[in-house]
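Below is one structure, written out as structure tokens; the observations come after it.
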Amino acid sequence: MTVLFVQIEEVRTTFPSSAAAEELAVALVERRLAACVQITGPIQSVYRWQDSINKDQEFSLCCKTSSGRLSHLIDYLKSRHPYELPEVLVSSVRATSEYASWVQEQVDCLSPI
């Protein structure tokens, strides 16, 4: 049996609280910008910001979408993110054709953004 793989997009970001992460996750799925969003955390982040070392607890989001909805998802995420400079990481990943079809169905239907 041959397994076919199709490209989908993953967008990763972090949020300062579980509640804020969940709020954005629900909004992205409701607006059909993401087929699903996984929330992981808490995680410990260490980073330099404005010349000081910071250590913060955060929650990581992994959003699955199609290439056609990618820019809309990123615009929406950035416009509602609480951070001055939100982390936005995008990866093109290969998924089974069945899963990729499901992602496509969830985000590419006629739905307002």
Side-chain angles (χ1 to χ4, degrees):
M1 174 183 218
T2 303
V3 178
L4 297 176
F5 294 96
V6 178
Q7 179 178 305
I8 63 169
E9 308 299 326
E10 279 189 344
V11 177
R12 293 189 176 272
T13 190
T14 53
F15 271 77
S17 71
S18 176
E22 187 174 332
E23 184 178 323
L24 182 77
V26 169
L28 290 173
V29 173
E30 283 180 344
R31 286 167 177 73
R32 295 191 178 269
L33 296 170
C36 72
V37 180
Q38 296 163 323
I39 302 170
T40 306
I43 60 172
Q44 187 67 27
S45 295
V46 179
Y47 58 95
R48 184 182 304 275
W49 181 251
Q50 299 177 341
D51 291 327
S52 65
I53 302 296
N54 296 277
K55 301 173 190 171
D56 290 313
Q57 179 175 286
E58 295 183 298
F59 291 81
S60 178
L61 278 71
C62 180
C63 314
K64 284 28 167 246
T65 194
S66 67
S67 58
R69 291 296 249 189
L70 180 61
S71 63
H72 297 294
L73 184 152
I74 292 170
D75 288 345
Y76 187 87
L77 184 154
K78 288 169 65 177
S79 72
R80 285 157 180 80
H81 205 288
Y83 291 162
E84 181 181 339
L85 178 62
E87 170 187 52
V88 179
L89 305 175
V90 179
S91 299
S92 295
V93 297
R94 294 181 347 155
T96 61
S97 59
E98 297 87 0
Y99 185 78
S101 292
W102 175 79
V103 169
Q104 196 80 29
E105 288 170 13
Q106 299 311 305
V107 299
D108 286 349
C109 73
L110 298 175
S111 173
I113 298 173

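This one's a predicted model, so the numbers in the text were calculated from it and none came from an experiment.
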* Structure fact -> Taken in chain and number order and not counting sequence neighbours, the residues that satisfy side chain to side chain contact (heavy atoms under 4.5 Å, CB included) with Glu23 are none
* To do: Kindly write out the residues that satisfy side chain to side chain donor-acceptor pair (under 3.5 Å) with Arg12, not counting sequence neighbours, or none if the list is empty.
  => none
* Structure fact -> Residue pairs meeting ring-ring contact (aromatic ring centres under 6.0 Å, His included), one or both in residues 31-61, sequence neighbours left out, come to none
* Asked: According to a 4.5 Å side-chain heavy-atom criterion applied to Ile, Leu, Val, Met, Phe, Trp and Tyr, with indirect links allowed, do Leu70 and Val88 form part of one hydrophobic cluster?
  -> yes
* Asked: Which distance, rounded to the nearest 0.5 Å, do you find between the NZ of Lys78 and the CG of Leu73?
  -> 11.5 Å
* **Within residues 11-30 or reaching into it, pairs that qualify as ring-ring contact (aromatic ring centres under 6.0 Å, His included) - sequence neighbours excluded** => Phe15-His81
* Structure fact -> Residues at least two apart in sequence or cross-chain that pass side chain to side chain donor-acceptor pair (under 3.5 Å) with Glu10, listed by chain then number, are none
* **Stepwise side-chain contact (heavy atoms from CB on, under 4.5 Å) check, Thr65 with Leu33** => CA-CA 7 Å; Thr65 194; Leu33 296 170; 5.6 Å; no
* Can you pull the side chain to side chain donor-acceptor pair (under 3.5 Å) pairs that have at least one residue in residues 96-105, sequence neighbours excluded? -> Gln104-Asp108
* Okay, side chain of Arg69, backbone of Val107: is any donor-acceptor separation there less than 3.5 Å? -> yes
* By side chain to side chain contact (heavy atoms under 4.5 Å, CB included), which residues pair with Ser92, not counting sequence neighbours? -> Gln7, Glu9
* Asked: Who are the side chain to side chain contact (heavy atoms under 4.5 Å, CB included) partners of Ser71, not counting sequence neighbours?
  -> none
* When hydrophobic residues are tied together by side-chain contacts of less than 4.5 Å, even through go-betweens, does Val103 share a cluster with Val6? -> no
* To do: Output all residues satisfying side chain to side chain donor-acceptor pair (under 3.5 Å) with Ser45, sequence neighbours left out; order by chain, then residue number.
  => Glu58
* Members besides Ile53 in its Ile/Leu/Val/Met/Phe/Trp/Tyr cluster (side-chain heavy atoms under 4.5 Å) -> Val46
* **Full working for side-chain contact (heavy atoms from CB on, under 4.5 Å) between Thr14 and Ile43** => CA-CA 9 Å; Thr14 53; Ile43 60 172; 4.2 Å; yes
* Asked: Sequence neighbours excluded, which residues qualify as side chain to side chain donor-acceptor pair (under 3.5 Å) partners of Gln38?
  -> Lys64
* To do: With sequence neighbours left out, write down each residue that passes side chain to side chain contact (heavy atoms under 4.5 Å, CB included) with Val37, or none if nothing qualifies.
  => Ala25, Leu28, Val29, Ala34, Leu61, Cys63
* Structure fact -> dist Ser67:OG -> Ile8:CD1 (nearest 0.5 Å) comes out at 10.5 Å
* **Heavy atoms from other residues, nucleotides or ligands near CZ of Arg94 exceed 12 (cutoff 6.0 Å)** => no
